Amino acid sequence: MANAELDDRGIVIACPACGRKNRFPYDRLATTSRCGQCKQPLPAPAAPIDVQRVSDFDRLIASASLPVVVDFWAPWCGPCRMVAPELTKVAARQAGRFLVVKVDTDSLAEIGDRFQIRSIPTMAVFADGREIARTTGARPAAEIEAFIHQAVPAPNYH
Ligand SMILES: [Zn+2]
């Protein structure tokens, strides 16, 4: 699984062929891309991405061209650990359709406070810069996908 991270401009992901880091700009997440070095096609992010900084989260939400599913979690939370592999499945199956990111509400308490996250895990769907749905509690991948499909208007989902 390629490891990806967010920076102020996009998602930085290592090319599976040559290892070179490439950036998917936030406003062009839905387009396919090629590695700047070896020119191989770059796969869309297919694993949950850990948010490291509040500013990256804000930039992502403001300009993402794909719906973003945010998992609010914390390391001490048992149900969060149960839902983590389910979210990994969702991210793999929905690569290129949705982006799945994880917000640790301990290390990024400012985000949890702003969205008034009262219990975890909470999963929220963001589109066009705003939250459009949220659900609380662990559940299997298929139910998470059903929740996302219900939240995202049909034209955005193929
Ligand atoms: Zn490459």
Side-chain angles (χ1 to χ4, degrees), residues 1-75 80-108 110-112 115 121-133 139-149 151-158:
M1 196 65 72
N3 56 24
E5 56 186 55
L6 306 180
D7 71 5
D8 59 341
R9 285 183 288 164
I11 301 168
V12 179
I13 193 162
C15 169
C18 74
R20 155 121 170 208
K21 289 191 170 179
N22 287 266
R23 182 184 289 104
F24 284 87
Y26 290 136
D27 57 358
R28 277 181 278 146
L29 295 178
T31 58
T32 53
S33 184
R34 285 181 181 276
C35 174
Q37 181 163 279
C38 72
K39 311 301 179 196
Q40 291 295 307
L42 285 173
I49 303 172
D50 285 305
V51 176
Q52 308 285 350
R53 289 171 293 264
V54 174
S55 58
D56 296 343
F57 177 86
D58 289 342
R59 201 71 62 95
L60 167 69
I61 295 302
S63 39
S65 57
L66 287 177
V68 181
V69 181
V70 182
D71 173 34
F72 293 95
W73 73 290
C80 297
R81 284 194 294 271
M82 283 166 50
V83 83
E86 301 302 315
L87 275 167
T88 299
K89 286 183 210 164
V90 172
R93 298 203 291 233
Q94 306 296 334
R97 300 185 187 124
F98 305 108
L99 190 67
V100 180
V101 303
K102 294 168 70 77
V103 169
D104 179 338
T105 54
D106 280 2
S107 62
L108 298 170
E110 182 188 330
I111 300 175
F115 292 99
T122 288
M123 283 165 275
V125 181
F126 290 78
D128 300 324
R130 65 191 182 86
E131 182 182 345
I132 57 173
R139 60 201 61 201
E143 286 184 27
I144 298 170
E145 287 170 325
F147 157 70
I148 297 167
H149 296 169
V152 176
N156 286 338
Y157 179 67
H158 309 288

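Every number for a ligand or one of its atoms is a count from 1 in the order of the listing. Since we're looking at a predicted model, the values are computed, not measured. Note that the numbering runs from 1 along the sequence shown for the chain.
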Side-chain (Glu86) to main-chain (Pro140) donor-acceptor, under 3.5 angstrom: no
Where does the angle between the aromatic ring planes of Phe115 and Phe72 fall among parallel (under 30°), tilted (30 to 60°) and perpendicular (over 60°)? tilted
Arg139, CZ atom: more than 12 neighbouring heavy atoms under 6.0 Å: yes
A quick test of your reading: do over 12 heavy atoms of other residues, nucleotides or ligands sit less than 6.0 Å from CZ of Arg59? no
Return all protein N, O or S atoms below 2.8 Å from the Zn ion (ligand 1), chain by chain in residue order. Cys15 SG, Cys18 SG, Cys35 SG, Cys38 SG
Ignoring hydrogens, what is the shortest heavy-atom contact between Pro75 and Asp106? Give both atom names and the distance. CD-OD2, 4.3 Å
Tell me whether Arg9 at atom CZ has more than 12 heavy atoms from other residues, nucleotides or ligands lying less than 6.0 Å away. no
